[in-house]
Protein chains: 2
Amino acid sequence: MGITRVIGRQAERPPRKPGSNVTMEFKHQATVTLAEVAEAAGVGESTVSRVLRNHGSFSGKTRERVMAAVERLGYVPNRIAGTLASTGSRLVAFVIPSLSNIVFPDVLRGASAVLEENRYQAVFSVTDYDPGKEEALAAAMLAWRPAAVMLAGYEHTEGTVKMLRASGCRIVELLDLDGDALDIAVGFSNRAAGRESAAFLLRRGYRRIGYVGHDLNRDTRAGKRFSSFCETLDAHDAPLVAREILAGASSVENGRLGLERLLARTTDLDAVYFSNDDMALGGYFHCLAQGIAIPSKLAIFGYNGLDIGRVTPQPLSTIRTPRVATGQIAAQMVVANAPPQAVDLGFELIEGATA
Amino acid sequence: MGITRVIGRQAERPPRKPGSNVTMEFKHQATVTLAEVAEAAGVGESTVSRVLRNHGSFSGKTRERVMAAVERLGYVPNRIAGTLASTGSRLVAFVIPSLSNIVFPDVLRGASAVLEENRYQAVFSVTDYDPGKEEALAAAMLAWRPAAVMLAGYEHTEGTVKMLRASGCRIVELLDLDGDALDIAVGFSNRAAGRESAAFLLRRGYRRIGYVGHDLNRDTRAGKRFSSFCETLDAHDAPLVAREILAGASSVENGRLGLERLLARTTDLDAVYFSNDDMALGGYFHCLAQGIAIPSKLAIFGYNGLDIGRVTPQPLSTIRTPRVATGQIAAQMVVANAPPQAVDLGFELIEGATA
DNA sequence: GGTTTTTTTGGCAGCGCTACCAATTTGCTG
DNA sequence: CAGCAAATTGGTAGCGCTGCCAAAAAAACC
């Protein structure tokens, strides 16, 4: 199983014919400016600007002449200059914890579609779930004077909050509603998700429940789910029996490993709650491999509602979160300059077949 | 299985206390400028600029005074203005086909880490595998005068190529080496991957081989793998027996569905090549669910080497591609302003247990 | 035809910063 | 302490565009 060979690496290609990149020494070769277009079209600069932005008034005749000149010279407007000259940019900054966790690409995907339609531009950076890094990256983002900054959740350093507040740009906190929004928040309640997950398992009659999770200090949303999950169990006199928390990010491998360890220590569990679907799939595979009957011998419950969980031989019992919609709504609110508010998109409990 | 309830959606929260967003009417409230910092520190503007960029010479004393003023006023440099004034920006533009296919988040992840270290900023947009959209989005990105534009593969419209060439910024083509690079290319050969996959299956003794894929016209890299896969089979007198190509993007669900359809039509296959691991996992799950023995009754081979494929009860036989490394190397080359070249990162064949 | 309106236009002052250059200060040497 | 080199510093002209205002042209009206 899994012996590996490195193949397919060929010799490096020779540098390409030099002709095409002699000018590459200089940053922006022969950049055509608006002034040149104006000159070529025989009109004033502001006229060109108006035509290109389709803003203000101008005759059809001049429009054609300007467009012809633009075409002929291959003019590409400089939005750096445009943004500086005008008020407010059309940049939206995303400061996200990770790109490995599919949650964030999903949010970006939803947002990006809306932003592109509205001629906004998305910029992003990745914090690795590190609040200090979030602060540094948020600062770097603000330097681009974005129209909005989108962040994950409510847990930010004091410095981050102060900086964002002072910036005057819109602040959007995503995927969490358990706390006070700085400005706009779009998502759902992780506490509610944890609670509903526990209630579901209890309803199904499971009483000896364990947990397999990843680093909760970093992923505070997973932490919120877990704590309200436990509270709900406690409230029903079926406290959590055992937990296994792995360092590092969530992954299928960690889920498998976590369940293996948990079962090695605790033999009489009847259900396990995982910090998310990646982890849960790992647990599911572990059971398949070990011949542990699901859900009769052990039930499995995840979080996120990934597509893959619907196609496994037994569909995964989980909670589906509106990740793409979160991105879409957030972007729409920024574009529309909506008033400060928290928007709850809710989530769905998928009963599946593993619990 | 899979009954679903919508829960967790609460009433919308009321707008927040107005005090904090009265100033929100104006775009950038009370923006502190470099001139104000200079004033406050009692030095010239250029001195502040030098200190902040740590460029040119200045005494330790002035450094302190400037930094104190920066701190006191909460100054955030305006990179829009900075970029306009200086030559060359520190923006890198990504024009990627998709965020659903984990390949691209992986590339972004690798690149983003390197770019952040070097104080570059990543901006992106998503083409949905549409060359026309790629052209439009590339044009939009060029308006930000990025230091480099990163694209997937070699297939671009004439207009895109012309525009990129004229822009004078670096052009990086990712994840494909089967063609001529415009400037820099980083990735591996998809043709080689298709060839090696076929060779592996033939070596293992499979002769009645089928294919399940997704829309190949859009994902040209998958198309290249498939065509060289078929060529290799032909060269060994074991031509492809059947194929099932699904419209739309690759997904686990489509993989399952594709294999189901393929097997309904063709009963005597001994192996199936999938367009990627997502599809292959779908096929794998189908076999698990249907009790089709793997690999004795049917072998499965994928592409990408996703982590999840290593944790399934039987590790997936596939080819692992260096996606994160592709992003890293690409970013490094841009940062270092490397000469035009094609860098082949190769790939690994993972024998796994499904073929 | 002469006005009054309305529509189109061009000029130009910045947006906030960097790059260049010249002026100033500091440090050394003999 | 003069005399010169080196290290610091400030002034200022743009970067390419937009926003404002006034001028010019076209349209509408009496």
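Residue numbers start from 1 in every chain, and the chains themselves are labelled A, B, ... in the order their sequence lines are given, proteins ahead of strands.
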Who pairs with A/Thr47 by side chain to side chain donor-acceptor pair (under 3.5 Å), at least two apart in sequence or on another chain? A/Arg50
B/Arg323: partners by side chain to side chain donor-acceptor pair (under 3.5 Å), with sequence neighbours left out: B/Asp106, B/Thr321
Tell me which pairs pass side chain to side chain donor-acceptor pair (under 3.5 Å) where either residue lies in residues 61-80 of chain A, with sequence neighbours left out. A/Ser59-A/Thr62
Indicate, with a heavy-atom threshold strictly under 4.0 Å, whether A/Gly42 touches base, sugar-phosphate, or nothing. sugar-phosphate
Might you work through the side chain to side chain donor-acceptor pair (under 3.5 Å) test for B/Ser46 and B/Ser49, ending with a clear yes or no? CA-CA 5 Å; B/Ser46 30; B/Ser49 175; over 6 Å; no
Heavy-atom protein contacts under 4.0 Å, nucleotides 11-21 of chain D, coded B base, S sugar-phosphate only, - none: B--BBBBSB--
Axis deviation across the helix from C/dG1-D/dC30 to C/dG30-D/dC1, five-pair ends, to the nearest 10°: 30°
The criterion is ring pair (Phe, Tyr, Trp, His ring centres under 6.0 Å); which residues satisfy it with A/Phe124, sequence neighbours excluded? B/Phe124
Student check: side-chain heavy atoms of B/Cys169 and B/Val149 closer than 4.5 Å: yes
Going by the rule side-chain contact (heavy atoms from CB on, under 4.5 Å), which residues pair with B/Ala35 if we only count those two or more places apart in sequence or in a different chain? B/Thr33, B/Glu45
Looking at residues at least two apart in the chain, or sitting in another chain, which of them share a side chain to side chain donor-acceptor pair (under 3.5 Å) with A/Asp128? A/Lys133
No-hydrogen, no-angle side-chain donor-acceptor test under 3.5 Å, B/Ser100 and A/Arg109: yes
Who passes side chain to side chain donor-acceptor pair (under 3.5 Å) against A/Thr220, sequence neighbours left out? A/Glu155
Expected rows: protein N/O vs nucleotides 4-7 of chain D N/O, under 3.5 Å:
none

Counted 5' to 3', the first and last nucleotides of DNA chain C within 4.0 Å (strictly under) of a heavy-atom of chain B are C/dG16 to C/dA19
Can you give the donor-acceptor pairs under 3.5 Å from side chains of residues 324-332 of chain A to other protein atoms, not counting sequence neighbours?
unit_1	atom_1	unit_2	atom_2	d
A/Thr326	OG1	A/Pro322	O	2.6

Would you please say whether a donor-acceptor pair under 3.5 Å links the side chains of B/Glu135 and B/His156? no
